[in-house]
Amino acid sequence: MYLLAPAALRIAPDDFSARVRSRFASELRRAGRFAQLCLLGAQACLDAAGGDGPLGVLWATGGGALDATRAALDESLKLGEPAMPFTFIATQPHLAGALLAQRSHPVTRAACLSLAPDAWPSLPHLAQRWLADCERVLVGWVEESASGGAAHRSDWCLLQKKMMPGAVRCEQVRSPENAAAATAEDWIPRVAAWHGSTNAPLVLRGSGDAWRFTLNG
Amino acid sequence: MTGAFVRACALASALGPDLEAAVERLAGAPAVPARNTKTGGAWPYFAIPVAEGDWRRRAEAIARSVAEDLRRKAALAPAQWAALPCIVGSSSFSVGAWDEGGWAALEPSFDFSLRLAKAFGVSGPVTAVSTTCTSGFAALDIALGLIAQGEAREVLVLGVELRNRLTVAGFAGLQLLSATAARPCDRGRDGLVLGEALGAVLVSAVPAPWRIASLAAGMDAASVTGPSPDGTATAKTMRAAMAGARWESAAVDLIKLQSGGGPLADLAEANAVRELFSPVPRSVSLKGALGHTLGASGPAELALLLASLARGRVPATWGFSKPDDALGFAPSGGNAQGVRRVLFNLSGFGGSVMSLALENAG
């Protein structure tokens, strides 16, 4: 399995709307903030990776669609009235897969997970299994800022079966030596920071096992 | 083809606090769901008949009850049970706690999943997954991966959806609810009735009567709130499930429909079924009896269907009485003799479609 275009997107809350408008021409108001944050990062990764073919989208989050959930609970339920339809839909963190498909990406399946911090190897494991049915799997970690000062995060990489120039080979390591501990939140940023900085392999471990990332060629 | 089997199932639902009560109830006369003001408004709602009380304590009590039943049926050694990985699928997790406790009561979906795993008495790795109404099968998909990759021999899969005002308010806002009753596949169907359930499935590498022949996933991006009217994505996913199981369409004995009584969604699924099958095999919907239990519906309906088949019955589709010519077929219950291969459909908001192929290995 090969990894392409690891990228860690950080967006200050005040800049969020401008970033969405800049990338997608207008704010995707009905999508909700979490889905838009997913789309921004996923699209940036796809832009950098190129290629085509059936695509799985698999991402994890700790807080999920915080903004939409707050809006739906605050604006509708306190009044005892039906929720605004698209505010309610935006509370579902899984929405981004369909929105990506509507932007002409051939998405064949999508899922949003929540994991223990050290369980990040579940993501490449599951992606590897999905690669039996699709050629590429976008893997991400997306987190809305819970407080005004912190940045929104949308970290993504593309995993695929086909080797390409510049791709990183990813292999599961059962007995890792010299592996650095990583978390669900930081493994993609660490791969992104390592990518291109050295020829030495990067070995990251989580619960149970580890993954070795090696520059191809 | 997978090497995974259904070792045991358990369920708490509107039909009863345990699976046996539910199967018994399902064999009787259809019930009309009460209007439940706990969930807001006056919409009918299929509630689990468990004493009211603090949301979180009630959730844990339901989980402990289902766990006890599943543990008895699974007959695993205590150490095996305790080490089980637990995959939890839901579209709402613990948002219902907000109804009583406000913002302070909200917790991340992973924390609620840990709470459920603890109530089940398991301490293996926990994963939470949300793909709206297919969440329970997304959890099953992760479990199948763990078994296929040799990471686990048994995995606990939970589908959970418990009463909350947000979901009812959301579906009401989308104008998808019936004011009276769910009538899957019926000419007079006018919307969904929501319900709550906790379905538990213990998936195992050890052979058992029902083998999971394959589980296929698809994406229907026509709209984020409903399927493509022509059923194209559903048909493609069902076809993939059959291909994964190495079945021809003629091999399918029974289709468990997604159908919940939505006028257009039922029609879209019927279009997919008619595209693949001629003649259409027997079919059943369980949402007239359980309600649409959203992220719980995969494990919940799987548990109920397999328990009914074990008693030799294909359940009747509650709420169905008048065939709809536009669908082109009608569900039918009755004797389950000869039902060996079941295709099991789910679909949800956000374009998620899943189809499970189940085979009775005898």
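Each chain gets a letter, A, B and so on, in the order its sequence line appears, and its residues count up from 1.
- With a 4.5 angstrom heavy-atom cutoff, B:Ala139 does not touch chain A via any of its atoms.
- Taking the six-membered ring for Trp, A:Phe88 and B:Phe171 have ring centres closer than 6.0 Å.
- Interface remark: B:Glu107 contributes no atoms to any contact with chain A (heavy atom separation under 4.5 Å).
- For the options B:Ala217, B:Gly218, B:Ala128, B:Gly351, heavy-atom pairs under 4.5 Å to chain A are most numerous at B:Ala128.
- For chain B, the option among A:Leu95, A:Leu115, A:Asp209 with the highest count of heavy-atom pairs below 4.5 Å is A:Leu115.
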Audit row: B:His292, B:Glu161, side-chain hydrogen bond (donor to acceptor under 3.5 Å, both in side chains) steps and yes/no: CA-CA 10 Å; B:His292 189 353; B:Glu161 213 69 56; over 6 Å; no
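- We find the OG1-CE distance between B:Thr237 and B:Met219 to be 10.0 Å, quoted to the nearest 0.5 Å.
- Heavy atoms of A:Ala119 lying under 4.5 Å from chain B are absent altogether.
- Two rings, from A:Trp141 and A:Trp59, have their centers 6.0 Å or more apart.
- Within the 4.5 angstrom heavy-atom criterion, no atom of B:Ser92 approaches chain A.
- For the set B:Ala138, B:Ser109, B:Ser91, B:Pro108, the count of heavy-atom pairs under 4.5 angstrom toward chain A peaks at B:Ser91.
- For A:Gln92, the part sitting under 4.5 Å from any heavy atom of chain B is the side chain, from C-beta outward, and nothing else.
- Annotation: maximal heavy-atom pairing with chain A below 4.5 Å, among B:Thr134, B:Leu144, B:Leu176, occurs at B:Leu144.
- At a threshold of 4.5 Å between non-hydrogen side-chain atoms, the residues B:Gln149 and A:Arg129 count as touching.
- Among A:Ala116, A:Ser207, A:Ala111, the residue with the largest count of heavy-atom pairs under 4.5 Å with chain B is A:Ala116.
- With a 4.5 Å cut-off on non-hydrogen atoms, B:Asp220 does not touch chain A at all.
- In this structure, CZ in B:Phe93 is found 12.0 Å from CG in B:Asn164, a value given to the nearest 0.5 Å.
- Going from atom NE2 of A:His94 over to atom CD1 of A:Ile89 covers 11.5 Å, rounded to the nearest 0.5 Å.
- Relative orientation of the B:Phe112 and B:Trp55 rings is tilted, given thresholds of 30° and 60° on the angle between their planes.
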